[in-house]
Protein chains: 2
Amino acid sequence: MDTRAVRRDASRARILETAWKLARRDGLGALSLHAIAQMVGMRAPSLYTYFPSKNAIYDAMYADGASQLAAALAHRPTATEPVERLRSRVRLFVDFCTTDPIRYQLVFERPIPGFEPTRESFEITVKALSSTRADLDAAGVHGKRALDLFRALFTGLVSLQIANDPGGQRWSRLQYEALEMFLARYANPARAGRRKPRPAKMAATLT
Amino acid sequence: MDTRAVRRDASRARILETAWKLARRDGLGALSLHAIAQMVGMRAPSLYTYFPSKNAIYDAMYADGASQLAAALAHRPTATEPVERLRSRVRLFVDFCTTDPIRYQLVFERPIPGFEPTRESFEITVKALSSTRADLDAAGVHGKRALDLFRALFTGLVSLQIANDPGGQRWSRLQYEALEMFLARYANPARAGRRKPRPAKMAATLT
DNA sequence: GTCTATACATCGATAGAC
DNA sequence: GTCTATCGATGTATAGAC
């Protein structure tokens with residue numbers, strides 16, 4: 001491969017890593033090109049060699065964070081029981097969010113006015129979250145309302161954990177209890193692992 | 001009362017109202033004294049007559065938002081059935097948060113690096129939320145874990161509603177369904193309205 | 001109480017030398 | 001590819017005249 005391209009990618013990676021470090025220290029909104037450049041050992045204008053704008057840096061960070069979640073979800077062991085698989089998803093999601101609140105904020109909230117991830121970067125998130133439905137379906141949980149409620153439940157745990165007990169476990173430790181509550185209401189044991197039956201269309205014409 | 005004090009309070013209120021308007025338009029972090037002053041019909045330095053710093057304005061906004069929630073919770077009709085009372089709390093909370101996301105953000109998250117509400121302002125929030133325990137207790141829900149899970153559930157609904165469907169109802173409409181799920185697991189009908197029995201301490205010495 | 005003027009810092013971004 | 005220099009704007013806050 002072109003050695004120039006390799007060096008360029010290495011520099012981009014260093015800049016990105018530094019951006020993460022500063023964002024975690026000072027907050028996403030306080031991120032400045034000046035501070036990044038100084039820590040990398042450059043001057044601010046030199047960053048424009050690697051990223052065309054500040055928002056491009058945010059977008060690269062977004063894609064980075066989303067990819068990490070997608071990769072972690074994809075690399076889970078596959079041959080487990082449906083409910084256990086759901087547990088592993090919940091555990092992974094809660095861990096992912098609480099171990100790096102800034103990353104969570106960038107990927108799942110809209111913390112920077114004027115910044116939206118590019119369509120390309122956003123697709124990574126969409127794919128990572130779309131597998132939620134599959135895991136729920138396998139555990140006998142069907143329907144859009146159940147999916148939305150599932151997401152709300154664990155987003156809430158994470159949100160309160162980060163806002164009110166950063167570094168602690170007050171809410172994150174409730175994740176399995178929360179999952180039990182959810183499954184008790186929404187899991188249909190009889191249909192677990194089976195497909196949702198296709199609704200009979202045009203029933204009137206058939207009778 | 002001193003007419004000077006009245007005029008002063010009126011000006012403070014006008015500044016505050018304008019600050020809310022701008023924060024809703026541009027985001028909390030983008031709030032600038034310049035823009036506030038311009039909209040009020042002043043110059044930026046004149047604001048320092050009414051607020052000693054920008055953070056003092058944030059704090060006044062925080063106290064304002066927290067007071068609105070406290071007042072709304074306090075003014076609910078009191079003579080209702082426990083579960084209905086819980087429903088009214090949930091409905092009010094979800095409405096409060098979704099009708100003004102910026103206010104929600106300021107009161108329940110830490111959106112501005114470097115700003116923390118003063119102890120005095122924070123007390124307002126604490127009192128508003130402390131009544132949650134009473135409402136839950138009356139409905140037969142006891143214990144710290146249940147309380148934390150209750151908060152997580154509805155914070156999650158609000159958070160996803162604001163982030164992914166602003167102005168819509170995709171998650172907020174699930175509030176009663178969520179409450180049902182929660183009560184099905186945590187409400188103890190036999191003990192509804194009664195005190196949680198004091199655990200027998202020193203059981204070993206009693207037997 | 002409100003103003004002008006200003007201090008002082010920081011920001012993102014561009015132009016052009018080397 | 002990195003630099004210096006600089007633009008142009010924005011930010012909070014203070015001093016002092018009126």
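Below, chain A is the first sequence line, B the second, and so on; all start at residue 1.
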In whole angstrom, what separates [X]'s [atom1] from [N]'s [atom2]?
{"X": "A:L33", "N": "C:dC11", "atom1": "CG", "atom2": "C1'", "result": "8 Å"}
{"X": "A:K54", "N": "D:dA9", "atom1": "NZ", "atom2": "C1'", "result": "14 Å"}
{"X": "A:I15", "N": "D:dG1", "atom1": "CD1", "atom2": "P", "result": "11 Å"}
{"X": "B:F51", "N": "D:dT12", "atom1": "CZ", "atom2": "P", "result": "14 Å"}
{"X": "B:Y58", "N": "D:dG11", "atom1": "OH", "atom2": "P", "result": "11 Å"}
{"X": "B:M42", "N": "C:dC3", "atom1": "CE", "atom2": "P", "result": "7 Å"}
{"X": "B:Q38", "N": "C:dC3", "atom1": "CD", "atom2": "C1'", "result": "16 Å"}
{"X": "A:H34", "N": "D:dT4", "atom1": "NE2", "atom2": "P", "result": "11 Å"}

A:A30 or A:P52, whichever maps to the more 5' nucleotide of DNA chain C: A:A30
Cationic N near anionic O, under 4.0 Å, A:R119 to A:E123: yes
Presence of salt bridge, A:E17 and A:R14, under 4.0 angstrom: no
Think [X] has a side-chain N or O under 4.0 angstrom from the OP1 or OP2 of [N]?
{"X": "A:S32", "N": "C:dC11", "value": "yes"}
{"X": "A:S46", "N": "D:dC3", "value": "yes"}
{"X": "B:Y48", "N": "C:dT2", "value": "no"}

Within-4.5 Å side-chain heavy-atom neighbours: B:W171 and A:L149: no
A:R43 atom CZ: more than 12 heavy-atom contacts under 6.0 Å: no
Mind checking if [X] touches a base, just sugar-phosphate, or nothing, with heavy atoms under 4.0 Å?
{"X": "B:I36", "value": "nothing"}
{"X": "A:S11", "value": "nothing"}
{"X": "B:L47", "value": "nothing"}
{"X": "A:Y50", "value": "sugar-phosphate"}

Donor-acceptor under 3.5 Å (B:R76 side chain, B:L73 main chain): yes
Listed nucleotide nearest any side-chain atom of [X], set [options]:
{"X": "B:R8", "options": "C:dG1, C:dC11, D:dT2", "result": "C:dG1"}
{"X": "A:R43", "options": "D:dG1, C:dT2, D:dT4", "result": "D:dT4"}
{"X": "A:P45", "options": "D:dC3, D:dA13, C:dC11", "result": "D:dC3"}

